[in-house]
Each structure stands twice: as structure tokens, then as C-alpha cells.
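To start, the structure itself, in C-alpha cells.
By convention in this document, chain letters (A, B, ...) are assigned in the order of the sequence lines, proteins followed by strands, and residues within each chain are numbered from 1.
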Amino acid sequence: GESVGLHLPTLSVQEGDNSIINCAYSNSASDYFIWYKQESGKGPQFIIDIRSNMDKRQGQRVTVLLNKTVKHLSLQIAATQPGDSAVYFCAETIRDTGNQFYFGTGTSLTVIP
Amino acid sequence: GAVVSQHPSRVICKSGTSVKIECRSLDFQATTMFWYRQFPKQSLMLMATSNEGSKATYEQGVEKDKFLINHASLTLSTLTVTSAHPEDSSFYICSARDPGGRSTDTQYFGPGTRLTVL
């Protein structure tokens, strides 16, 4: 499968600060990227997605940035809250080839109250 | 939103027995479902793509005779771990795409099944 990796395995932030989680992907043909949040013992929860024809997409308190030149993806969480503590995964796929998702290694985010 | 369920949520079995895990799409029909395995503190590893009415497509290195997948209807896929051994102990997660949903490319994940083989 494709190689998707994360730069930081752990991240601790103060409550109220902004968080930035990074992800690198290796397949330049990937055209759809997704961020998931996974709490302990649960399945991944969709956060936000972005297609390769976009550079930025915003959701509620979250923003995803895509830099296709360097094959880099980031997730920004504004005003981080204790409930944001979880492991965050990025995933990549090529939409017209079966939509198999390949996940990065994950970043564990801890929010300090 | 699209909801995917799994049953059971947790199972403990003896070595050598077989275990069946069910994955259901509750409010949509899924022609394609996916099965993942996740070891502690590791990422999700795609095992296979489950196609309704046809054979599953397995990722390289995944034994198809060990992990039997059946996608008998548009809302149900099953994963059977045959002759389970302690090294098969893991968190098994399924996902499904909602072809009629707002985002047809997104996969929605089930809550996972914790398998422990003694």
C-alpha cells in the first residue's frame, strides 16, 4: 500500500491553544485525503476531508491544509479543548481505484487543562 | 449521518476456534465495505475490501483462508477469523462507503471488535 506517515507521534497542548498535526504522504496520485479522530477503544471518527483540487478546507474549529508540491497535509484545531484529546490519523486514497484508504501512523494529542 | 455497527464489541475465545464478526450499515446500503486490523498503539491496517455479491479483495500479506469475508447483502459483511491463535488478538474495525450520501468517497467506521485469543 501507499506510505502515509506523520511527523510527530505525540503532541501536548494547553487548553485553548491551537494544535497543528502534520502528515506526509508518498503517492502523488492520491487525490482524496481524510482526517480521523480515534478515542481509546473506539472506531475512527471522520473529522474533515479534502480533495486534491483544493489547498484548504475549513470546518468547525478545524482546518485542513494540503500542499501537493511537498506531499504534505496538516490538521489545525483551533482553541483546543480537553475533548479533543485522542489519536489523529490521516488517510489517503485514489478515488477511482477502489477507494482503499491507507492510514498514517497516528499522532496522540493530549490537551492539558 | 451514516452509521456502521459491529457485533460483537468484544470476544474472547480459545486458540483453534473460529470467530465471526459482523459489520452492518444501519441507515444506508453499502456495496463496498472494508476490514481493518489495529494493534495497540498502531495505525489501522487495511486487510481486505468486501464487495457485495462477489469475492473480497485482500491486501498483500493477508491470508484469505485465514480471514474469511462474506458480503451477502447490501447492509452486512462478516469477517470470520478461522483457527484463531493468540497472534490474531487485535482490534478489528470495519468501514463502509455511503454511495448515496453527501460524500460518496468518505468511509464511515464501525466501533470496532476487540478479539482476544487465549
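Residue-environment remark: NZ (A:Lys68) exceeds the threshold of 12 foreign heavy atoms within 6.0 Å. Counting non-hydrogen atoms of neighbouring residues, nucleotides and ligands closer than 6.0 angstrom, the NZ atom of B:Lys66 exceeds 12 such neighbours. Within a 6.0 Å sphere centred on NE2 of B:His85, other residues, nucleotides and ligands contribute more than 12 heavy atoms. Within 6.0 Å of the CD atom in B:Glu87, the count of heavy atoms belonging to other residues, nucleotides or ligands exceeds 12. Applying the 6.0 Å contact sphere to CZ of A:Arg61 captures more than 12 heavy atoms from other residues, nucleotides or ligands.
In terms of hydrophobic clustering, with Ile, Leu, Val, Met, Phe, Trp and Tyr side chains grouped at heavy-atom distances under 4.5 Å, A:Leu65 and A:Leu73 are assigned to different clusters. Residue A:Phe103 is grouped with residue A:Phe46 when hydrophobic side chains (ILVMFWY) are merged at heavy-atom distances under 4.5 angstrom, including chains of intermediate members. The hydrophobic cluster containing B:Tyr36 also contains A:Tyr36, counting ILVMFWY residues as joined when their side-chain heavy atoms lie under 4.5 angstrom apart, directly or transitively. B:Val62 and B:Leu44 fall into different hydrophobic clusters, where Ile, Leu, Val, Met, Phe, Trp and Tyr side chains are chained together by heavy-atom contacts under 4.5 Å. Both A:Leu11 and A:Ile77 belong to a single network of hydrophobic side chains, linked directly or stepwise wherever heavy atoms of I, L, V, M, F, W or Y lie under 4.5 Å apart.
With a threshold of 4.5 angstrom between heavy atoms, B:Gln42 approaches chain A through N, CA, C or O but not through any side-chain atom. In this structure, no portion of B:Arg10 lies under 4.5 Å from any heavy atom of chain A.
Closest non-hydrogen pair, B:Glu59 versus A:Tyr102, comes out as OE1-OH, 3.0 Å.
Considering only heavy-atom pairs separated by less than 4.5 Å from chain A, the leading option among B:Leu46, B:Val4, B:Thr32 is B:Leu46. Contact tally against chain A (heavy-atom pairs below 4.5 Å) for B:Asn51, B:Thr106, B:Thr49, B:Ile93: the top residue is B:Thr106.
For residues 68-82 of chain B, heavy-atom neighbours of chain A at less than 4.5 Å comprise no residues at all. Residues of residues 111-118 of chain B that come within less than 4.5 angstrom of chain A, heavy atom to heavy atom, are B:Pro111 in numerical order.
Applying the side-chain hydrogen bond (donor to acceptor under 3.5 Å, both in side chains) test to A:Lys56 and every residue at least two apart in sequence or in another chain returns nothing. Every residue two or more places apart in sequence or in another chain was checked for a ring-ring contact (aromatic ring centres under 6.0 Å, His included) with B:Tyr92, and none qualifies.
Using modelled atom types, one side-chain atom of B:Ser43 and one backbone atom of A:Gly104 make a donor-acceptor pair closer than 3.5 Å.
Taking 4.5 Å as the limit, every side-chain heavy atom of A:Phe101 sits out of range of all side-chain heavy atoms of B:Phe34.
A:Gln38 and B:Gln38 share a side-chain donor-acceptor pair at under 3.5 Å.
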